[in-house]
Amino acid sequence: MAAKWCLQLSRAQQFLCVDTPRLLISRRDFAEKGWFQSMFVHKVDPRKDAHSNLLSKRETSNLYKIQFHNVKPECLEAYNNLSAEVQNRLHCDKDYPCEIVGSWNTWYGEQDQAVHLWRYSGGYPALTESLNILRQDKEYLEFRKERSKMLIARRNQLLLEFSFWNEPLPRKGPNIYELRTYRLKPGTMIEWGNHWARAIKHRQENQEAVGGFFTQIGDLYVVHHLWAYKDLQSRDETRNSAWQKPGWDDSVYYTVPLIRNMESRIMIPLKGSPLQ
């Protein structure tokens, strides 16, 4: 008797049934075996340039840093107050080529965590200049010593903006923010960018799109999408409405196989954050 396998599909609860030696495919819109091919083969055309140059906003040359600080629970309030004071000072210093884009505490996701997003206007030279300034800043060095007593762990990443996303600009509140983090399969960043360049148009009506970034240093092949919503109910309604727009389902359909794993954080902006 010929061997037979049935694999349940997540999309539309259809089934792909393979009955050797013949192949039977049953699916509502399984045109040209697109799903089957996308699951097992991810062809990316050979490129003669780095994906950072192909996908980023070359005209702005902005570099971003995202920080994740895990804070001792009993120290979170003191940490927030101390960080806000130092961030405001640096943000308002015209000689410091870096500005704070947003600061948050995680509400749902990893608890007792602070997330900070910085922008270096001028790319890597601005980053180097910032580091040199901070090494000579006694007040900042004291802040780091005090902060170290409050932290359990910390990590950061350097990011570039996707060219097709909005630039993150100050926003009035109140809002909640969602940081969706996607860890992609190596070699799929161009494919991801091609699909999202079309998909992002479906997520603009409620002005929820804040910024989209991909890593350059730190964990590689990581994408961060930052969204703003009035509340969790608004988030649910906005996300559901996207599925009613022709083309959104295809974008999700073809990008899901590119993902190794993903994470969602719901975040509350801190008092001094430009993104409120």
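Counting from 1, the numbers follow the sequence of the chain as shown.
Taking the ring-ring contact (aromatic ring centres under 6.0 Å, His included) definition, one finds that His195 meets it with Tyr254, sequence neighbours left out. Remark: Pro186 pairs with Tyr221, Arg260 by the side chain to side chain contact (heavy atoms under 4.5 Å, CB included) rule, at least two apart or across chains. Among residues two or more places apart in sequence or in another chain, the side-chain hydrogen bond (donor to acceptor under 3.5 Å, both in side chains) test is passed with Asn261 by Arg183. Applying the side chain to side chain contact (heavy atoms under 4.5 Å, CB included) test to Glu205 and every residue at least two apart in sequence or in another chain returns Lys245. The side chain to side chain contact (heavy atoms under 4.5 Å, CB included) check on Asn80 picks up Leu76, Asn105, Leu270, with sequence neighbours excluded. Contacts of Glu139 classified as side chain to side chain contact (heavy atoms under 4.5 Å, CB included), with partners at least two apart in sequence or in another chain: Arg89, Asp137. Residues passing the side-chain hydrogen bond (donor to acceptor under 3.5 Å, both in side chains) test with Ser234, sequence neighbours excluded: none.
Contact annotation: the side chain of Leu232 approaches that of Tyr108 to within less than 4.5 Å [non-hydrogen atoms, C-beta and beyond]. Side chains of Lys201 and Phe164 form no contact here, defined as non-hydrogen atoms less than 4.5 Å apart. Between Trp227 and Ile266 there is no side-chain heavy-atom pair separated by less than 4.5 Å. Residues Asp112 and Pro73 form a side-chain contact, since some pair of their non-hydrogen atoms from C-beta on lies under 4.5 Å apart. When side chains are defined from C-beta on, Pro168 counts as touching Tyr64, because their heavy atoms get closer than 4.5 Å. Residues Glu167 and Asn62 form a side-chain contact, since some pair of their non-hydrogen atoms from C-beta on lies under 4.5 Å apart. Two residues are said to be in side-chain contact when any heavy atoms from C-beta on lie closer than 4.5 Å; Arg171 and Gln276 fail this criterion.
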Distance-only donor-acceptor pairs under 3.5 Å for side chains of residues 143-158, two or more places apart:
{"residue": "Ser148", "atom": "OG", "partner": "Lys145", "partner atom": "O", "Å": "2.6"}
{"residue": "Gln157", "atom": "OE1", "partner": "His224", "partner atom": "NE2", "Å": "2.7"}

Using distance only, find each side-chain donor-acceptor pair of residues 206-214 under 3.5 Å and give its atom names and separation, not counting sequence neighbours.
{"residue": "Asn206", "atom": "ND2", "partner": "Thr238", "partner atom": "OG1", "Å": "3.1"}
{"residue": "Glu208", "atom": "OE1", "partner": "Asn206", "partner atom": "N", "Å": "3.3"}
{"residue": "Glu208", "atom": "OE2", "partner": "Arg203", "partner atom": "NE", "Å": "3.0"}

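Residue Ile100 holds its CD1 atom at 9.0 Å from CG of Leu90, rounded to the nearest 0.5 Å. Atoms OG1 and CG, from Thr188 and Asn194 in turn, are 11.0 Å apart once rounded to the nearest 0.5 Å. Rounding to the nearest 0.5 Å places NZ of Lys65 at 12.0 Å from CD1 of Ile217. Interatomic distance, CD of Glu161 versus CG of Leu63, reported as 10.0 Å (0.5 Å rounding). Distance check, rounded to the nearest 0.5 Å: SG of Cys98 to CH2 of Trp118 gives 5.5 Å. Here CG of Leu159 is found 12.0 Å from CZ of Arg119. Values are rounded to the nearest 0.5 Å.
Under the 4.5 Å side-chain contact rule for hydrophobic residues, Val222 and Ile190 do not share a cluster. Residues Phe162 and Leu258 fall within the same hydrophobic cluster, defined by Ile, Leu, Val, Met, Phe, Trp and Tyr side chains chained together at heavy-atom separations under 4.5 Å. The hydrophobic clustering, which links ILVMFWY residues whose side-chain heavy atoms are closer than 4.5 Å, places Trp196 and Leu160 together. Leu179 and Trp165 sit in two unconnected hydrophobic clusters of ILVMFWY residues. Membership requires side-chain heavy atoms under 4.5 Å apart, directly or through other members. Met262 is not connected to Met267 by any chain of hydrophobic side-chain contacts under 4.5 Å among Ile, Leu, Val, Met, Phe, Trp and Tyr, and they are in different clusters.
Under the 3.5 Å distance criterion, the side-chain polar atoms of Asn175 are matched with a main-chain donor or acceptor of Lys172.
No salt bridge links Glu237 with Arg235; every basic N to acidic carboxylate O contact stays at or beyond 4.0 Å.
Hydrophobic cluster membership for Leu169: none, as no Ile, Leu, Val, Met, Phe, Trp or Tyr side chain comes under 4.5 Å of it.
Between the side chains of His69 and Gln113, no donor-acceptor pair of N or O atoms lies under 3.5 Å. No hydrogens or angles considered: a donor-acceptor pair under 3.5 Å links the side chains of Glu178 and Ser264. When only modelled atom types and interatomic distance are considered, Glu110 and Asn70 share a side-chain donor-acceptor pair under 3.5 Å.
Closest non-hydrogen pair, Gln111 versus Thr106, comes out as NE2-O, 4.3 Å. Taking every heavy atom of both residues into account, Asp231 and Ile176 meet most closely at C-CD1, 3.5 Å. Residue Ile259 comes nearest to Leu184 through the heavy atom pair CG1-CD2, 4.1 Å, listed as atom of the first residue, atom of the second, then distance. Lys230 and Pro174 get closest at one heavy-atom pair: CD-O, 3.7 Å. The two residues Ser251 and Thr255 have their closest heavy-atom pair at O-OG1, 2.8 Å. Across all their heavy atoms, Leu275 and Ser273 have their closest contact at O-OG, 2.9 Å.
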Arg180 vs Leu226, side-chain contact (heavy atoms from CB on, under 4.5 Å): CA-CA, chis, key distance, verdict | CA-CA 6 Å; Arg180 295 180 70 88; Leu226 184 61; over 6 Å; no

Are Val223 and Thr181 close enough, and set up right, to give a side-chain contact (heavy atoms from CB on, under 4.5 Å), and what steps lead you there?
-> CA-CA 6 Å; Val223 170; Thr181 299; over 6 Å; no

Between Leu134 and Tyr96, does a side-chain contact (heavy atoms from CB on, under 4.5 Å) hold up when you go through it step by step?
-> CA-CA 9 Å; Leu134 293 180; Tyr96 184 65; 3.4 Å; yes

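Sorted by first then second residue, the ring pair (Phe, Tyr, Trp, His ring centres under 6.0 Å) pairs that include residues 167-191, not counting sequence neighbours, are Trp104-Tyr177, Tyr182-Trp192, Tyr182-His225. Sorted by first and then second residue, the side chain to side chain donor-acceptor pair (under 3.5 Å) pairs involving residues 123-132 (not counting sequence neighbours) are Asn132-Arg135.
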